[in-house]
Amino acid sequence: MQRLSTGDHSVGRGAARSRPCPLPVPLPRPRSRWRVRSLVLTAGAATAALFGGLVPGAQAAAPEAAAANPYERGPDPTVAAIEAPLGSYAVSQTTVSAGGASGFGGGTIYYPTSTADGTFGAVAIAPGFTATQSSVAWLGPRLASRGFVVFTINTLSTLDQPASRGRQLLAALDHLKQNSTVSGRIDATRLGVMGHSMGGGGSLEAAKSRTTLKAAIPLTGWNTDKTWPELRTPTLVVGADGDTVAPVATHSEPFYESLPGTLDKAYLELNGATHSAPTSSNTTIAKYSLSWLKRFIDDDTRYEQFLCPLPQPSPTIEEYRGSCPLG
């Protein structure tokens, strides 16, 4: 495993393979670390911890209460489970017409049918240049069946540029929280964005504008802005080695390299893939996107095993970079 000059880890091509890139070489950055979130005992659990010797069963209950994550949804993940087309939740969907939307072009909401587990995090997904929501629709049931409310959107115009698509992603999230028929199923504090091509560039724009977002995933993203030091949202950048529309050397790689060194971030480059890879069902994209959303929207550390140690090169992965807590 080689150490990059940025202080991140890299597997695959790493520094051994260079590409022509007109951008300046980034200065070294300190190593990024996963965010450590403290768990706070509830009053009842704290009392049990203090007086476990006096109250029967209290000692056993306290650790369980302290370790519980209220945002975990679904069974313990396995490789087979997260690579499967669908998860454990039955999924319903509802349509938002263009006339019923404000600031974006409508779309389709996919959501877990059951409310037994409480509220869910939500993700808005934007399509690329000249495309409609149908190009990213496969992600709707794939993610919703794992415990997310997913909104695949149409843009106001199929020619909208990334900055506009970013604003529309945020408008779609606001619609989910405030005006949708599923607003009661959504935890408004746990939101993320994704997008393909210019929609991916839009996801970076959205994360720049709204720093409270929990996760951003640009998929073979395109944007004339190549640097994103302002982002504070954990970001997974996905590129494709055969992309000639948004070549990784001038899009995904500089996007990733420009992110703050202190940010939770990763770069996944697909092997043998083109710019359109995210527009049809793709197990590698789904596996790592799901793990990223679970880890940062749901704060579900059960999924960290699929992100750290860094995934290795394979028939579907050309390269993976990122920062892990393993040193």
Side-chain angles (χ1 to χ4, degrees), residues 19-24 26 104-105 107 123-139 152-172 192-210 213 215-231 233-259 263 265-280 282 284-286 288-289 292 318-321:
R19 287 194 181 92
C21 181
L23 299 177
F104 65 105
V123 185
I125 308 176
F129 188 65
T130 75
T132 66
Q133 63 158 329
S134 63
S135 64
V136 291
W138 70 274
L139 285 162
T152 59
I153 69 168
N154 285 319
T155 47
L156 294 170
S157 163
T158 58
L159 306 182
D160 287 336
Q161 296 298 298
S164 174
R165 290 169 192 264
R167 292 190 294 271
Q168 293 180 60
L169 282 167
L170 297 179
V193 288
M194 298 176 65
H196 170 238
S197 191
M198 283 195 184
S203 71
L204 294 170
E205 299 278 1
K208 177 181 175 179
S209 298
R210 189 172 295 179
L213 293 177
I217 306 178
L219 303 169
T220 58
W222 189 100
N223 200 311
T224 56
D225 187 349
K226 311 301 182 184
T227 59
W228 302 91
E230 313 92 340
L231 263 63
T233 296
T235 302
L236 168 63
V237 178
V238 178
D241 65 349
D243 193 340
T244 58
V245 177
V248 294
T250 55
H251 288 79
S252 293
E253 287 187 314
F255 294 166
Y256 169 77
E257 292 294 343
S258 70
L259 294 170
L263 186 69
K265 61 179 183 175
Y267 171 74
L268 165 63
E269 185 174 322
L270 303 172
N271 183 44
T274 66
H275 185 68
S276 62
T279 64
S280 60
N282 184 297
T284 304
I285 291 174
Y288 294 105
S289 295
W292 197 263
E318 170 71 12
E319 179 186 5
Y320 195 101
R321 307 178 203 173

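Pairs of residues two or more places apart, or lying in two chains, that qualify as side chain to side chain donor-acceptor pair (under 3.5 Å) and include a residue from residues 153-163 are D160-Q168.
Contacts of S209 classified as side chain to side chain donor-acceptor pair (under 3.5 Å), with partners at least two apart in sequence or in another chain: none. Residues satisfying the side chain to side chain donor-acceptor pair (under 3.5 Å) criterion with S134, sequence neighbours excluded, are T132. The side-chain contact (heavy atoms from CB on, under 4.5 Å) search around D225 returns K208, N223, T227, W228, not counting sequence neighbours. Applying the side chain to side chain donor-acceptor pair (under 3.5 Å) criterion to S276, with sequence neighbours excluded, gives T274. Checked against side chain to side chain donor-acceptor pair (under 3.5 Å), T152 has the following partners two or more places apart in sequence or in another chain: Q133. Under the side-chain contact (heavy atoms from CB on, under 4.5 Å) criterion, T284 pairs with L268, L270, N282, Y288, T316, I317, not counting sequence neighbours. With sequence neighbours excluded, no residue forms a salt bridge (Lys or Arg N to Asp or Glu O under 4.0 Å) with R167. Partners of T220 by side-chain contact (heavy atoms from CB on, under 4.5 Å), not counting sequence neighbours, listed by chain and number: H196, A240, D243, H275, P278.
Taking 4.5 Å as the limit, every side-chain heavy atom of Y320 sits out of range of all side-chain heavy atoms of E269.
The line from CG of D241 to OG of S252 is 11.5 Å long, rounded to the nearest 0.5 Å. To the nearest 0.5 Å, atoms CG (L139) and CD1 (I125) are separated by 4.5 Å.
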